[in-house]
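Notes follow once the structure below has been shown.
Residue numbering restarts at 1 for every chain, and letters A, B, ... go by the order of the sequence lines. Only this structure's heavy atoms are used, side chains among them; waters, hydrogens and symmetry mates stay out. Every value quoted in this text rests on a predicted model; they were computed, and no experiment measured them.
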Amino acid sequence: MSDYIVNEIEKRWQRLWKENKVFHAVKDSAKEKYYLLVMFPYPSGKLHMGHVRNYSIGDVFARFNRMQGKNVIHPIGWDSFGLPAENAAIKHNIHPKKWTKENIAHMGEQLKMLGISYDWDREIATCDPEYYKWNQWFFIRMYKKGLVFRKSANVNWCPSCKTVLANEQVNQGKCWRCDSTVEQKELIQWFIKITDYADELLDGHEELAGWPEQVLSMQKNWIGKSYGAEMDFKIDFDKKIKESDDGIIVIKSPYGSTKATLEILPPKTLKIFTTRPDTVFGVTFMVVSPEHQILKEFKEKIKNWREVEEYITKSASKSNIERASNKEKTGVKLEGVYAVNPATGKNIPIFTADYVLTGYGTGAIMAVPAHDQRDWDFAKKYGIEITEVIKGENSDIEKSAFEEEGVIVNSGQFNGIKSTDAIDKISLWVEEKGYGKRTTNFKLREWLISRQRYWGTPIPMIHCPKCGIVPVDEKDLPVTLPENIKFTDDGKSPLQGCEEFVNTKCPKCAGPAKRETDTMDTFVDSSWYYARYTDPKNDKKPFESDITNYWLPVDQYVGGIEHACMHLIYSRFWHKIMRDLGLVNTNEPFKNLLTQGMVTLGGSAMSKSKGNIVSPDEIIEKYGADTARLFILFAAPPEKQLDWSDDGLEGCWRFINRVWRLQELVKTKSEIPATQEAKEALSRSMHLCIKKVTEDIGKEHQFNTAISSVMELVNAMYVYKHHGNDEGLSLKVYETIVLLLAPFTPHLCEEIWSLLGKKEFVSAAKWPQYEEKYIKQDTVEVPVQVNGKLRGKIFVNVSSNEQEIKDCVINDEKIKPVLEGRQIVKFIYVQNKIINIVVK
RNA sequence: GGGUGGAUGGCGGAACUGGCAGACGCACAGGACUUAAAAUCCUGAGGCUCGCAAGAGCCGUGAGGGUUCGAUUCCCUCUCUACCCACCA
């Protein structure tokens, strides 16, 4: 028979799928829908193995469910705004649009070569005005709802990308994209109030049973809800006598200036957040972050202001990473100012130190050195009093062997209570006394969305000298990116220099006004693309809710773990916004999530700089897409890291040819009839295999074992030599093999399917069903253990009872000698599974 | 420091709900086919000891303990490792 000519066959089926619109999805309320989504690629230029893995996994789900008779939507598109396009523009003098579109064209071709069952009619690119128009529309809707605001903020600034980064985009103080050290810079920026949804984003996890525990825990950590209390500590000053210029002592009072009264000021407080209100009696000092406003406010009262100011300046120049990596704590005591511990009434010193973060809680802490490592370190260094308020078994505060749980001591009426109970009791007392109130705190910060870049969605706002900030009229959307722009390396947004873009009219008063030149974070684009896919060409609305609600939520989302805390939080948030705007009727966008592992070579990530890249093009050219897909799905379970192996790939290529050659076996007629026994065994193997593959894909998502079991069935067919005279059984098994493999190696399967005379596409064929009756056996082989050690095996009739089996076993020729001279203490028989004889 | 996983042959990886550890594949060895090689088909194989051999015995899922007739699986302690977060009060 002829060889399997991979490239020709694959190209032909790709063409036929397209011509026949085999993967085109249409809303059909009568049919059960299935939405399979893969994370859309950034058009960087070339497809890499990570993409191949992502899309191969996705395609198995899509094809499997399609063959199960579901109405499958399987879209693809391009996350096509972003920095690399601009960098390319500067470096190679090519317009970002041109660069992006060329990459999309090339990568689209590569994707098509993989034979993924996409509905290409739904292709979208986020850099198209038809798409980003709706980013702007959402932005304005959110602005009107009060969810968008502007504020001056210390922002993360990447000096290399020359743009602001969201907190989520800073890793270890470095830019997530280019790894430069991130600086702090004060700028007026646009924010979205994601924190309004912090609680719901957390509680929403209840609905996400189909998400990996790891991702949920990462998000939980990221949102960082903690329970505790806010407390106000009174601040007081040294009674201070002010000297006037002429050296005469001037004393101010509410009763007028005389030359003899003391200065009296209204009471001031310092607000802190703590998760351990039970330790309030142990507070012996307070610390505020160097950015805390109280410092500037009390400038006059702080005797050592110059020293404090120096410390503030020094901290400001340090990057976050420096601050965090410096384990040796530094700080300055504020002379002349002190706080009062509300519980003990004692005066306690206030420090400023950069181990207290400005962005979390209130930027100030009550320090309990006896029960917090950081506070202990600081107290030891600066010789501050340490008061133990929780006594545990190994308490030794001198050695910093402190307890977090134990019995309350040194705390007045609370002494003797367990610290775990004291949290509630002392909080309650704090509330009653009016020192503070119980509250919660989040690590999640507002989403900073403005970027000083060109290649992104323009923020649709207008600055009018008369009316202030005014949103663009919805009917004037989209605000399109001007194409005639200059790229410079000076760090300014190229939009700022574009007169024709900047100068406009105020939508309110029609006077001259200027456009906002910031663009949106590209995570906005990817926050709702899954909804746009359901109605991608709509030019009246982002999408038609009727259609979108049919398809949503996404039944299975497949993508990399690296998006656990950025994209996957933003899009959950966006979905809730869309729900609150009445556009969708679900709470969560993605029902099930599969996070695929990395593809590595020699154990480390493939990267250009390491030069250890395996190019999908070469592999496809040599072995075909089916082989590449099969290997990538077979070599490891989808969630695990996968190390590329040329030898393993070769093995998959051999398997594909082995399946191909089965055609010959099936065709060859034999004179010798197949034995009944052999036929039953083969038939049983087939039904077992259908069961296994169906469960492995549908329930377990274990594609590697699904493929193994088909390999076993193929092996069984090779062993089953009585092909021919068996009333078509081997043909039936072969057809089953082809159907079961279709989600993995679709081109091969289409080709064989048509050569077997089928008129339909295997891609649209019905998934095989197994029948229990063919799996059931009359006799089974059961292992026999003596004292837990395997000593033999016997065949038993499935219906025989324990006594019959016992008689049979103890007389078995292999077991009998082992039992010789010993007493049977216990005989355990687990039906059709195992026999264990306990002897003495 | 906090969180979440993981550790099984030479390698990638299997093993239902506590029931024959090592499926399937790679690499390896032997055989058939061939003038020869490749390809293909068939067979073998966790380790150690004994045996010419068929085979027999012991050990074996990171380490130590526990529960159980029986543990890769459950519990405790520890080691190593990957990823995420991290002076988060």
Side-chain angles (χ1 to χ4, degrees), chain A residues 3 171-172 212-222 224-226 228 272-276 279 286-287 289 320 323-329 353-357 359-368 371-375 377-378 441-444 561-562 564-565 595 597-598 603 630-631 634-637 639-652 654-655 657-658 661 692 695 700 702 704-715 718-719 781-793 825-839:
Chain A
D3 286 341
N171 302 322
Q172 308 269 302
E213 190 51 48
Q214 193 193 4
V215 174
L216 294 180
S217 127
M218 278 162 72
Q219 290 204 352
K220 201 174 156 193
N221 208 306
W222 191 264
K225 183 175 189 175
S226 46
I272 59 93
F273 172 75
T274 179
T275 54
R276 296 299 302 267
T279 61
M286 308 203 59
V287 189
S289 71
N320 283 345
R323 277 171 75 157
S325 63
N326 190 7
K327 292 292 170 201
E328 172 77 28
K329 294 184 175 39
D354 62 11
Y355 82 90
V356 171
L357 307 173
Y360 181 73
T362 62
I365 62 157
M366 60 175 219
V368 188
H371 306 286
D372 182 286
Q373 181 73 55
R374 292 155 303 175
D375 298 347
D377 293 343
F378 195 80
N441 222 313
F442 293 95
K443 287 185 199 168
L444 186 74
I561 185 86
E562 65 274 17
C565 283
T595 49
M598 253 200 311
L630 189 69
F631 167 70
F634 175 64
E639 309 208 313
K640 273 188 93 163
Q641 177 183 315
L642 179 148
D643 205 48
W644 185 267
S645 141
D646 285 339
D647 287 337
L649 185 79
E650 192 81 41
C652 288
R654 279 205 287 268
F655 173 70
N657 282 283
R658 211 166 137 81
R661 280 190 301 270
K692 173 84 176 144
E695 285 172 3
E700 312 290 338
Q702 297 268 43
N704 54 335
T705 50
I707 294 167
S708 309
S709 70
V710 181
M711 285 175 169
E712 283 178 87
L713 186 57
V714 169
N715 291 347
Y718 272 88
V719 171
E781 196 183 28
V782 175
V784 182
Q785 296 179 337
V786 176
N787 283 349
K789 279 197 174 154
L790 186 68
R791 293 297 174 204
K793 288 173 185 183
V825 182
K826 212 170 175 184
F827 185 89
I828 294 147
Y829 174 56
V830 180
Q831 185 146 35
N832 302 335
K833 247 181 192 165
I834 202 153
I835 295 158
N836 193 7
I837 309 166
V838 187
V839 295

- Query: Rounding to the closest angstrom, what is the interatomic distance between C75(B) and G19(B) at atom P?
  - Reply: 15 Å
- Looking only at atom P, what distance separates C16(B) and U72(B), rounded to whole Å? 13 Å
- Item | Candidate pair Thr279(A) and Asp372(A), rule side chain to side chain contact (heavy atoms under 4.5 Å, CB included), full reasoning | CA-CA 10 Å; Thr279(A) 61; Asp372(A) 182 286; over 6 Å; no
- Query: Does Ser226(A) put a side-chain nitrogen or oxygen below 4.0 Å from OP1 or OP2 of A89(B)?
  - Reply: yes
- Item | Rounded distance in Å between the C1' positions of C48(B) and A37(B) | 38 Å
- Task: Take atom CD of Gln373(A) and atom P of C88(B), then tell me their distance rounded to the nearest Å.
- Result: 11 Å
- Query: Minimum heavy-atom separation for Val215(A) to Ile561(A), with atom names?
  - Reply: CG2-CD1, 3.7 Å
Mind listing the N/O atom pairs, protein and nucleotides 14-21 of chain B, below 3.5 Å?
from   : atom 1 : to        : atom 2 : distance (Å)
A14(B) : OP1    : Asn704(A) : ND2    : 3.2
C20(B) : O2     : Lys793(A) : NZ     : 2.5
C20(B) : N3     : Lys793(A) : NZ     : 3.4

- Task: Classify the nucleic acid contact of Asn715(A) as base, sugar-phosphate or nothing, counting any heavy atom under 4.0 Å across all strands shown.
- Result: sugar-phosphate
- Return the nearest nucleotide to the side chain of Arg658(A); candidates are C87(B), C69(B), C41(B). C41(B)
- Message: Using Watson-Crick or G-U wobble geometry with both distances under 3.5 Å, which nucleotide pairs with G62(B)?
- Response: C78(B)
- Item | Non-hydrogen atoms of Cys652(A) and Phe634(A) that approach each other most closely | SG-CD2, 4.2 Å
- Message: Please report the distance separating the C1' of G5(B) from the corresponding atom of G9(B), rounded so that it comes out in whole Å.
- Response: 24 Å
- Evaluate the ring planes of Tyr355(A) and Phe378(A), with Trp represented by its six-membered ring, and classify them as parallel (under 30°), tilted (30 to 60°) or perpendicular (over 60°). tilted
- Task: Can you figure out which of G12(B), G57(B), A23(B) approaches the side chain of Ser708(A) most closely?
- Result: A23(B)
- Message: Run Gln785(A) and Ile828(A) through side chain to side chain contact (heavy atoms under 4.5 Å, CB included) and show every step you take.
- Response: CA-CA 9 Å; Gln785(A) 296 179 337; Ile828(A) 294 147; over 6 Å; no
- Query: Does any nucleotide pair with C28(B) by Watson-Crick or G-U wobble geometry, both distances under 3.5 Å, and what is it?
  - Reply: G44(B)
- Note on the structure: note: Trp222(A), atom CH2; C83(B), atom C1'; distance rounded to Å ~ 15 Å
- Any idea which heavy atoms bring Asp643(A) and Phe631(A) closest together, and the distance? O-CZ, 4.2 Å
- Item | Between G13(B) (C1') and Met711(A) (CE): distance, integer Å | 12 Å
- Using the P atom as the reference point in each nucleotide, state the distance between C24(B) and C41(B) in Å, no decimals. 15 Å
- Message: For Trp222(A) versus Cys565(A), what's the shortest heavy-atom pair and its separation?
- Response: CB-SG, 3.7 Å
- Taking syn as any angle within 90 degrees of 0 and anti as the rest, which one fits G10(B)? anti
- Query: Rounded to the Å, how far apart are Asn221(A) CG and C84(B) P?
  - Reply: 13 Å
- Query: Applying a 3.5 Å limit to both distances, which nucleotide forms a Watson-Crick or G-U wobble pair with A89(B)?
  - Reply: none
- Starting from P on A23(B), measure out to CZ on Phe655(A) and report it in whole angstrom. 17 Å
- Item | Counterpart base for G55(B), defined by Watson-Crick or G-U wobble contacts under 3.5 Å | C50(B)
- Message: Please find the pair of heavy atoms, one from Val356(A) and one from Ser289(A), that lie closest to each other, and give the distance.
- Response: O-CB, 3.2 Å
- Donor-acceptor contact present, side-chain Asn787(A) to main-chain Val839(A), <3.5 Å: yes
- Rounded interatomic separation in angstrom, taking CG from Leu630(A) and P from G13(B): 16 Å
- Item | Whole angstrom value for the distance that separates C1' of A89(B) from CG of Asp354(A) | 15 Å
- Item | Atom of Thr595(A), atom of Pro212(A) and distance for their closest heavy-atom approach | OG1-CG, 3.9 Å
- Item | Under 3.5 Å on both distances, the Watson-Crick or G-U partner of G18(B) | none
- Item | Gap in Å between the two P atoms, one belonging to G13(B) and one to C20(B), rounded | 23 Å
- Note on the structure: Using Watson-Crick geometry (N1-N3 plus N6-O4 or O6-N4) or G-U wobble (N1-O2, O6-N3), each under 3.5 Å, G9(B) is paired with none
- For C83(B), which nucleotide in any strand shown is its Watson-Crick or wobble partner with both distances under 3.5 Å? G3(B)
- First encountered from the 5' end of RNA chain B, between Ile561(A) and Thr274(A): Ile561(A)
- Item | Chi angles and distances behind the side chain to side chain contact (heavy atoms under 4.5 Å, CB included) call for Lys443(A), Asn221(A) | CA-CA 8 Å; Lys443(A) 287 185 199 168; Asn221(A) 208 306; 4.0 Å; yes
- Note on the structure: RNA chain B nearest-nucleotide lookup for Glu712(A) and Lys443(A): closer to the 5′ end is Glu712(A)
- Expected output: side-chain Asn836(A) to main-chain Gly788(A) donor-acceptor under 3.5 Å: yes
- Does Lys789(A) put a side-chain nitrogen or oxygen below 4.0 Å from OP1 or OP2 of G60(B)? no
Just the table, please: protein N/O against nucleotides 26-29 of chain B N/O, every pair under 3.5 Å.
from   : atom 1 : to        : atom 2 : distance (Å)
C26(B) : OP1    : Arg654(A) : NE     : 3.3
C26(B) : OP1    : Arg654(A) : NH2    : 2.8
A27(B) : OP2    : Arg654(A) : NH2    : 3.0

- Query: Expressed in angstrom and rounded to an integer, what is the separation of Asp375(A) atom CG from C88(B) atom C1'?
  - Reply: 13 Å
- Message: When the C1' atoms of A71(B) and U8(B) are compared, how many Å lie between them, rounded to an integer?
- Response: 14 Å
- Item | A53(B) versus A15(B) - spacing of their C1' atoms, nearest Å | 33 Å
- Message: Taking any heavy-atom pair under 4.0 Å as a contact, classify Tyr718(A): base, sugar-phosphate, or nothing.
- Response: sugar-phosphate
- Task: Report yes if at least one side-chain N or O of Arg661(A) is closer than 4.0 Å to OP1 or OP2 of C41(B); otherwise report no.
- Result: yes
